[in-house]
*Asks:* 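Structure in structure tokens, see below.
Numbers restart at 1 for each chain; the letters A, B, ... are given by sequence-line order, proteins then strands.
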Amino acid sequence: MQMFPKQEVVAMLLAGGQGSRLGVLTKKLAKPAVPFGGKYRIIDFPLSNCVNSGVEAVGILTQYQPLILTEYIGNGQPWDLDGMHSGVNCLSPYQAIQGANWYSGTANAIYQNITYIERYDPDYVVILSGDHIYKMDYNKMLEFHKEKNAACTIAVIDVPLEEASRFGILNTREDGEIYEFDEKPECPKSTNASMGIYIFSWKELRKYLTEDEKNENSSHDFGKDVLPAMLAAGEKMFAYPFEGYWKDVGTIDSLWEANMDLLDPKVTLDLKDIYSRNPMMPPHYVSADANIQNSMIADGCNVEGDLEFSILFAGVTVGKGAVVNSSIIMPGAVIEEGANVQFAIVAENTVIGKNAKVGQSPETMENRDEWGITVVGENTVIADGVVIPANRMIDTDTEVTAE
Amino acid sequence: MRSNDVLGFIFAGTLDEKIPELAVSRTTASVPIGGKYRVIDFVLSNMTNSGINNVGIVAQSNFLSLTDHVGSGSAYDLSKRRSNLTLLTPYGGNSFSNAVETIYNIHGYLEHCREEYVLIEQGNVITNFDYNALFDFHSKNNSDITFIYKKCVVPAGYDRPVTLEIDESGKVNQIYVKPDNMAEESNFMYGALLLRKEVLMNEIREALSRNQLDIKRVFQETVGKFRAFAFENKGYTSFVSSINAYFSFNMDLMKKEVRDELFDPKRPIYTKVRDDAPSRYGLESKVKNSIIAQGCVIDGEVENCVISKGVYVGKGARLSNCIVMQDSHIGADTNLNYVIIDKDVQIKDGRSLMGFESYPSYIAKKSVV
């Protein structure tokens, strides 16, 4: 039998959800694999956090559309997660003697991989999700967990009171001990929003996962089932206050905003020490006709048009006279001459034809309430001159021609 | 012959003495170029893209930056069970002072490699070249030794160039070392050639026995003795043989046709990558006709420049016709024209520096201006 050196901490990253609120962006890939910030994918953030916190065993639970994600993770080398006895593993649902089961909930996904976790004989398990943009030292949180001698520690961030009802709110005593969970409360009692980052002492978690599995009425979800059960049983559960940039990017609006935050000098998120795979492309070229203000550009781009408040991923082409404003252009997309892209997300390898117009600014709307970000799915062609107004979602692999 | 039967062999220090500023602490092969590359990336990538999976690099001195850059060779896919990159440096007092002795002194390495052929290349050549066409040509002509050449005026910096006189079939009739008429276009042989390992070793041993230490003469003498052929490199090629050549190659990158050819996505140029974020352009930035690598913050004006990774250009700074190497810091309200700025340089706020097109000024690594 192969022996694995003990790991004090094992991280389990929940990456199996569909992320249906991202629409066409997650039609062909799992949410954690959605491109972010000009060269990253969302999962680079929790993965880099793990490595930078000294967590060297990471299991990624995949289920929905795993191809792009597993290919991207590969052997984990870009994150230094290719150790001889530890590293990153993609864990998909599997068939066994007793049958085959999809992951029926977040807790069930961990339950089905107890064998994986126990190879490392860990004292603690960190549960992470693949849809948040933030930098965090999980070590500090672990210190806090140990100090409090907790069974479970949940990272929380202070949110504005008026937004608190969108989050899972944790009500705590003065020392941080949790006495109540309030999932999306109408009248929030506090502003401690759960960040979806949990540290468990493994012995306790194992016990509650096993019990939860036997409970036929359970949906096998951490937030809905396991955490309330632990609280009801009187386990010591603490809220760990986190300060810094943190953003859930589960919706088109929040994904767009988080990207735009990178262009805002007031935002504190520093991309240093976030690791990713790097495509082999030359530095980008900016022609004499281009005008670029307040934007981010990755390698391999060719810019001949105007950019403002925009993010170009690797290998994007912006033709002469094209205008890209407040938009996110994903790898390999082409914005042809004279096209106008505003307040839009253009997915990978999509072509916006000459003089086409995609998206519009809120100011140009007759009815502001109908405004929204326009999204064009991957491998799509928007033919020359076609106009696509605000708040539209164009499917992947289609051709949109003028009627 | 198959490409996996060819050993790639690169001389890293070609013409080091012609770019004394840039090569003061490195070999020509590891001079930073094109915003994110080192010169050797081109030849190395050409080799792996052509299916060569064993490469030796000869470096006689100053090879720290080279070792740091190529590392185990993994960036070029040369660090696997069946592919290798080996750095060959002087050892045990053996002389690496000329190519003949160098090759002789590493005969152990050459004999150990299982490949039957050796492709010799130079560390100062920038081109995107498919060696498979060369291998086909070599086999088809039943050639013993095939030289690669470029039809051009011999570039400045080559004091003793080698040129070839060839017939229509590509057969070499005569090899000239330092020919009289260098002003006209000739078949310039820049030190790249393909031959059987056994032939190479025999010729080197034989040359040493006659105390012939000039490799150009050794090759010159192969004509008549062997079937020698010449294969033309018709693609874009640049030789780092002087500061001006270095400067003008960087400027050539502003041409779309040069970029499209050199960075053909089907034959990518690999390099050691650093995890830099995409580059950020500030609200007052103004960039025209420039190459910009990742990890930069551009708040000033940049025109006709190559800006490497991690460079900062401050507000109100005006850079034109400059090459800025990685992690240099260009302060606010500076004014720079025709300047080559090496790595980790700090140009303080308000400074002005001017070179001239034919004589770009150079700021050494880690200087503070």
Side-chain angles (χ1 to χ4, degrees), chain A residues 35-40 44 48 51 77-80 82 259 262-265 269-304 307-317 328-329 331-332, chain B residues 33-37 41 45 49 74-77 79 128 250 253-256 258-260 262-265 267-299 302-311 326:
Chain A
F36 178 84
K39 72 173 262 199
Y40 307 95
D44 288 328
S48 302
V51 189
Q77 183 268 330
W79 305 271
D80 264 356
D82 56 341
N259 274 285
L262 295 175
L263 301 174
D264 184 346
L269 182 71
D270 177 9
L271 294 171
K272 199 173 166 281
D273 300 328
I274 300 298
Y275 316 115
S276 69
R277 281 195 190 274
N278 291 287
M280 271 304 147
M281 288 189 185
H284 67 266
Y285 172 72
V286 178
S287 85
D289 303 310
N291 285 300
I292 304 173
Q293 250 91 52
N294 212 36
S295 292
M296 257 171 92
I297 307 180
D299 275 352
C301 292
N302 214 321
V303 186
E304 299 186 43
L307 289 187
E308 219 177 331
F309 294 96
S310 292
I311 293 182
L312 304 189
F313 282 75
V316 166
T317 305
I328 300 155
I329 317 292
Chain B
I33 202 155
K36 69 182 273 194
Y37 301 98
D41 290 335
S45 302
N49 286 337
S74 59
Y76 315 91
D77 226 4
S79 178
N128 190 328
N250 279 283
L253 287 177
M254 312 301 169
K255 297 174 190 151
K256 187 177 188 308
V258 172
R259 289 199 308 276
D260 286 352
L262 276 183
F263 303 118
D264 180 350
R267 297 204 302 258
I269 303 301
Y270 309 100
T271 189
K272 177 185 167 188
V273 278
R274 208 170 74 166
D275 277 284
D276 284 302
S279 282
R280 264 189 53 187
Y281 290 69
L283 269 173
E284 289 158 48
S285 75
K286 200 171 157 191
V287 176
K288 303 280 176 194
N289 195 41
S290 292
I291 299 279
I292 316 244
Q294 289 189 156
C296 298
V297 175
I298 314 280
D299 283 330
V302 174
E303 195 172 6
N304 306 331
C305 291
V306 174
I307 310 284
S308 305
K309 51 198 173 187
V311 167
Q326 66 191 66

*Asks:* Select, from A/Ala288, A/Ala314, A/Gly37, A/Pro78, the one with the greatest count of heavy-atom pairs under 4.5 Å involving chain B.
*Replies:* A/Ala288
*Asks:* Do you know the tightest heavy-atom contact between B/Asp275 and A/Ser276?
*Replies:* OD1-N, 3.2 Å
*Asks:* In terms of heavy-atom pairs under 4.5 Å, which option from B/Lys286, B/Glu303, B/Arg259 contacts chain A the most?
*Replies:* B/Arg259
*Asks:* Which region of B/Val287, side chain (C-beta onward) or backbone (N, CA, C, O), has a non-hydrogen atom less than 4.5 Å from a non-hydrogen atom of chain A, or is it both or neither?
*Replies:* both
*Asks:* Under a 4.5 Å heavy-atom cut-off, does chain A meet the side chain of B/Ile269, its backbone, both or neither?
*Replies:* backbone
*Asks:* Which region of A/Ser287, side chain (C-beta onward) or backbone (N, CA, C, O), has a non-hydrogen atom less than 4.5 Å from a non-hydrogen atom of chain B, or is it both or neither?
*Replies:* backbone
*Asks:* Between chain B and each of A/Cys301, A/Gly315, A/Ala290, count heavy-atom pairs under 4.5 Å; write down the option with the most.
*Replies:* A/Ala290
*Asks:* Step by step, would you call A/Tyr285 with B/Met254 a side-chain contact (heavy atoms from CB on, under 4.5 Å)?
*Replies:* CA-CA 8 Å; A/Tyr285 172 72; B/Met254 312 301 169; 4.1 Å; yes
*Asks:* Hey, are the side chains of B/Pro278 and A/Tyr40 touching, using non-hydrogen atoms and a 4.5 Å cut-off?
*Replies:* yes
*Asks:* Between A/His284, A/Lys272, A/Gln293, which shows the greatest number of heavy-atom pairs under 4.5 Å with chain B?
*Replies:* A/His284
*Asks:* Between A/Ile292 and chain B, with a heavy-atom cut-off of 4.5 Å, which part of the residue counts as in contact: side chain, backbone, both or neither?
*Replies:* both
*Asks:* Counting only heavy atoms closer than 4.5 Å, note whether B/Tyr270 contacts chain A via side chain, backbone, both or neither.
*Replies:* both
*Asks:* What verdict does the side-chain contact (heavy atoms from CB on, under 4.5 Å) test give for A/Val286 and B/Asn289, after you've listed the backbone C-alpha separation in whole Å, the side-chain angles of each residue and the deciding distance to 0.1 Å?
*Replies:* CA-CA 5 Å; A/Val286 178; B/Asn289 195 41; over 6 Å; no
*Asks:* Can you tell me how far the CE atom of A/Met280 sits from the CZ atom of B/Phe263, to the nearest 0.5 Å?
*Replies:* 12.0 Å
*Asks:* For a quick test of reading the model, state the closest non-hydrogen atom pair linking B/Gly34 to A/Pro283 and the distance between them.
*Replies:* O-CG, 3.3 Å
*Asks:* With sequence neighbours left out, write down each residue that passes salt bridge (charged side-chain N to carboxylate O under 4.0 Å, His left out) with B/Arg274, or none if nothing qualifies.
*Replies:* B/Asp276, B/Asp327
*Asks:* Which of the residues A/Pro282, A/Gly300, A/Pro265, A/Gly38 is involved in the greatest number of heavy-atom pairs with chain B at under 4.5 angstrom?
*Replies:* A/Pro282
*Asks:* Side chain, backbone, both or neither: which part of A/Leu262 has an atom under 4.5 Å from a heavy atom of chain B?
*Replies:* backbone
*Asks:* Under 4.5 Å heavy-atom distance to chain B, tell me which part of A/Leu312 shows up: side chain, backbone, both or neither.
*Replies:* neither
*Asks:* Decide yes or no on side-chain contact (heavy atoms from CB on, under 4.5 Å) for A/Phe309 and B/Leu283, but give the supporting numbers first.
*Replies:* CA-CA 9 Å; A/Phe309 294 96; B/Leu283 269 173; 4.2 Å; yes
*Asks:* Enumerate the side chain to side chain donor-acceptor pair (under 3.5 Å) contacts for residues 294-304 of chain A, please, sequence neighbours excluded, ordered by first and then second residue.
*Replies:* A/Asp299-B/Lys36
*Asks:* Using the side-chain contact (heavy atoms from CB on, under 4.5 Å) rule, take B/Lys288 and A/Asn291 through it: C-alpha gap first, then chi angles, then the decisive distance, then the call.
*Replies:* CA-CA 8 Å; B/Lys288 303 280 176 194; A/Asn291 285 300; 3.2 Å; yes
